[in-house]
Undergrad: 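Can you keep this structure in mind? I'll have questions shortly.
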There are 2 protein chains.
Amino acid sequence: MEDLLRQQIEKIVKLTDEEFAFVLTHFTQRQFKKHQYVVQGGNAAPNDYFVLKGLLKSFYLDESGKMHILQFAMEDWWISDPQAYHNKTLATLNIDCLEDTSTMYISIDNREKLCADLKKMEYFFMKKTTAGYIALQRRILSLMSQKADERYHQFISLYPSLLQRLPKALVASYLGISRETLSRISAV
Amino acid sequence: MEDLLRQQIEKIVKLTDEEFAFVLTHFTQRQFKKHQYVVQGGNAAPNDYFVLKGLLKSFYLDESGKMHILQFAMEDWWISDPQAYHNKTLATLNIDCLEDTSTMYISIDNREKLCADLKKMEYFFMKKTTAGYIALQRRILSLMSQKADERYHQFISLYPSLLQRLPKALVASYLGISRETLSRISAV
DNA sequence: AAATAAGCGTGATCTATATCACATCAAACC
DNA sequence: GGTTTGATGTGATATAGATCACGCTTATTT
């Protein structure tokens, strides 16, 4: 099962069995059930979760109580409150499970140790973060330059498998539109 | 003048004079004039620019020709087309100068060499990228959860000095609102 | 098996913001 | 020094999308 993690890392840096075993000592496994919270706003959130199985969402609740979804994470994806994680502050985001979920997480302290001791892993995280940065920039452009229907169609073509596991209302929230408007958009 | 760069790096990692001299060998200085393009969509964009003096913007032109500003960069900031830079692909963004500008840039190849030879610098870039990721996530939330006037007021309090150097129409484009709407928002 | 909640669609209405159209003033340029 | 260009404000109008309100169906829960 940890193979999933190794495969992902090895897409970027090659590891010996010993090195991967060493990497693994920095991770902890943890299971969650559907509806269970992984991170709650106001609490510490010192872990970054790699998803082995299942589906989660991270979201922000604004002053009026409206939910805004920042990210989904399914198999082979990572999820955290990055600000709380890297700056060791309290979470402003929430993360909960849309399905029963199995994860491996690494604490920020373990990550810092791992990067110090195995520079390959620092390189891996660098690549991962850079790719994430580029994806976020694309999402900003999409929010600024595209209409609701264009964003929905882009989502459909970008994440067809994810779409099938999500209620439409959550997709709408991720895209920054109301569920009623999304419901009126033709899927094709 | 390179002091500005050294100061920024040393906020995160300490460098000896020799190390900084070595870092500097990976950078090149370049001046640009107001209105001059630094990166043009469709061309290669293999450099990341650190601003010593001046002001630039990066922007995307959508199919209808409308401009969407992703970023400004003034003294002590960095600017590039991250996707073109890291993936060594052609630029989809444009970068031009709002004032006469003086920069130091590092090519992606030099950056890779520098990170390989001086791990401290890999750590520095890691921190910088992570901070950027967090900032982009905040901007996404702001676009999704805040009204035009709230975003404008947040911009004013976040970047008061930048505001004074920018025409309002560019601020509006950065915030994802029309210049007319921004003009109708009271500044206080 | 009944009861409650979640998911989805759809009509009616409202509203924030875009768009179009000018006018004014300052700045840059020939 | 006169002229084009850029920057800003503001009225009038249009519209994408939000919000409110309802019904129907399918899952969960007890």
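None of the values given here were measured: they were computed from a predicted structure. A note on names: the letters A, B, ... follow the listed sequences, proteins ahead of strands, and every chain is numbered from 1.
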Undergrad: If only side-chain N and O atoms of Ser178(B) are considered, is one of them under 4.0 Å from the OP1 or OP2 phosphate oxygen of dA18(C)?
TA: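 Yes.
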Undergrad: In residues 146-154 of chain B, which residues come under 4.0 Å of DNA chain C by heavy atom?
TA: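 Per residue number, the list reads Lys147(B), Ala148(B).
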Undergrad: I need the CG-C1' distance between Leu143(A) and dT17(C), as an integer number of Å.
TA: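 The distance from CG of Leu143(A) to C1' of dT17(C) comes to 16 Å, rounded to the nearest Å.
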Undergrad: What integer distance in Å separates Ile177(B):CD1 from dT19(C):P?
TA: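 Roughly 12 Å, once rounded to whole Å.
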Undergrad: Does a side-chain N or O from Thr181(B) land closer than 4.0 Å to OP1 or OP2 of dT17(C), or not?
TA: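 Result: no.
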Undergrad: Round to the nearest Å and state the distance from Asp100(A) atom CG to dT28(D) atom C1'.
TA: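 In whole Å, dT28(D) C1' lies 14 Å from Asp100(A) CG.
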Undergrad: Checking ring-ring contact (aromatic ring centres under 6.0 Å, His included) against Tyr105(B), which of Tyr49(B), Trp78(B), Phe50(B), Tyr85(B) comes through?
TA: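 For Tyr105(B), the ring-ring contact (aromatic ring centres under 6.0 Å, His included) check succeeds only for Tyr49(B).
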Undergrad: Under a 4.0 Å threshold between the charged nitrogen and the carboxylate oxygen, would Arg184(A) count as salt-bridged to Asp149(A)?
TA: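 No, no charged N to carboxylate O under 4.0 Å.
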Undergrad: So if I apply the side chain to side chain donor-acceptor pair (under 3.5 Å) rule between Asp96(A) and each of Lys57(A), Gln36(A), Gln40(A), which one comes out positive?
TA: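 For Asp96(A), the side chain to side chain donor-acceptor pair (under 3.5 Å) check succeeds only for Lys57(A).
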Undergrad: Rounded to the nearest Å, what distance is computed from the CD1 atom of residue Ile185(B) to the P atom of nucleotide dA16(C)?
TA: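 It is 12 Å, rounded to the nearest whole Å.
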Undergrad: Give the rounded distance in Å between these two atoms: NZ of Lys168(A) and C1' of dG9(C).
TA: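 For the pair Lys168(A) NZ and dG9(C) C1', the rounded distance is 10 Å.
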Undergrad: Does any donor atom in the side chain of Ser107(B) or Asp109(B) lie under 3.5 Å from an acceptor atom in the other side chain?
TA: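 Note: Ser107(B) and Asp109(B) side chains miss the donor-acceptor criterion.
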Undergrad: Near DNA chain D, counting only heavy atoms under 4.0 Å, which residues of residues 54-71 of chain A show up?
TA: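 Those residues are Lys66(A).
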Undergrad: Starting at atom CG of Leu98(A), determine the distance to atom P of dT28(D), rounded to an integer number of angstrom.
TA: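 Atom CG in Leu98(A) sits about 13 Å away from atom P in dT28(D).
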Undergrad: Is there a donor-acceptor pair under 3.5 Å between the side chain of Ser80(A) and the backbone N or O of Asn47(A)?
TA: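 It does not hold such a pair.
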Undergrad: Can you tell me if Asn110(B) uses its side chain to pair, donor with acceptor, with the backbone of Phe27(B) under 3.5 Å?
TA: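 Not at all, since once roles are kept as given, no pair shorter than 3.5 Å links the two residues.
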Undergrad: Nearest-nucleotide wise, let me know which of His35(B) and Arg179(A) is further upstream toward the 5' end of DNA chain C.
TA: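 On the 5' side of the pair lies Arg179(A).
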Undergrad: Distance check needed: dA7(D) C1' versus Arg165(B) CZ, whole Å only.
TA: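 My rounded result for the distance is 18 Å.
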Undergrad: Closer than 3.5 angstrom, by distance alone: can the side chain of Lys168(B) be matched with the main-chain N or O of Arg179(B) as a donor-acceptor pair?
TA: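 Judged by distance alone, no pair lies under 3.5 Å.
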Undergrad: Starting at atom NZ of Lys34(B), determine the distance to atom C1' of dC29(C), rounded to an integer number of angstrom.
TA: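 Spelled out: NZ on Lys34(B) to C1' on dC29(C) is 13 Å.
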Undergrad: Is Glu122(A) salt-bridged to Lys119(B), going by a charged N under 4.0 Å from an acidic O?
TA: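 Here Glu122(A) does not pair with Lys119(B) in a salt bridge, since their nearest N and O are not under 4.0 Å apart.
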Undergrad: For Arg184(A) and for Ser183(B), locate the closest nucleotide of DNA chain D by heavy-atom distance; then report the residue assigned to the nucleotide nearer the 5' terminus.
TA: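 Its nearest nucleotide lies further toward 5', so the answer is Ser183(B).
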Undergrad: Can you find a donor-acceptor N/O pair under 3.5 angstrom joining the side chain of Glu180(A) to the base of dC8(C)?
TA: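 Per atom types, no contact qualifies.
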Undergrad: Under the criterion side-chain contact (heavy atoms from CB on, under 4.5 Å), which of Met144(A), His68(A), Arg139(A) is the partner of Leu143(B)?
TA: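 It is Met144(A), the one option of Met144(A), His68(A), Arg139(A) that forms the side-chain contact (heavy atoms from CB on, under 4.5 Å) with Leu143(B).
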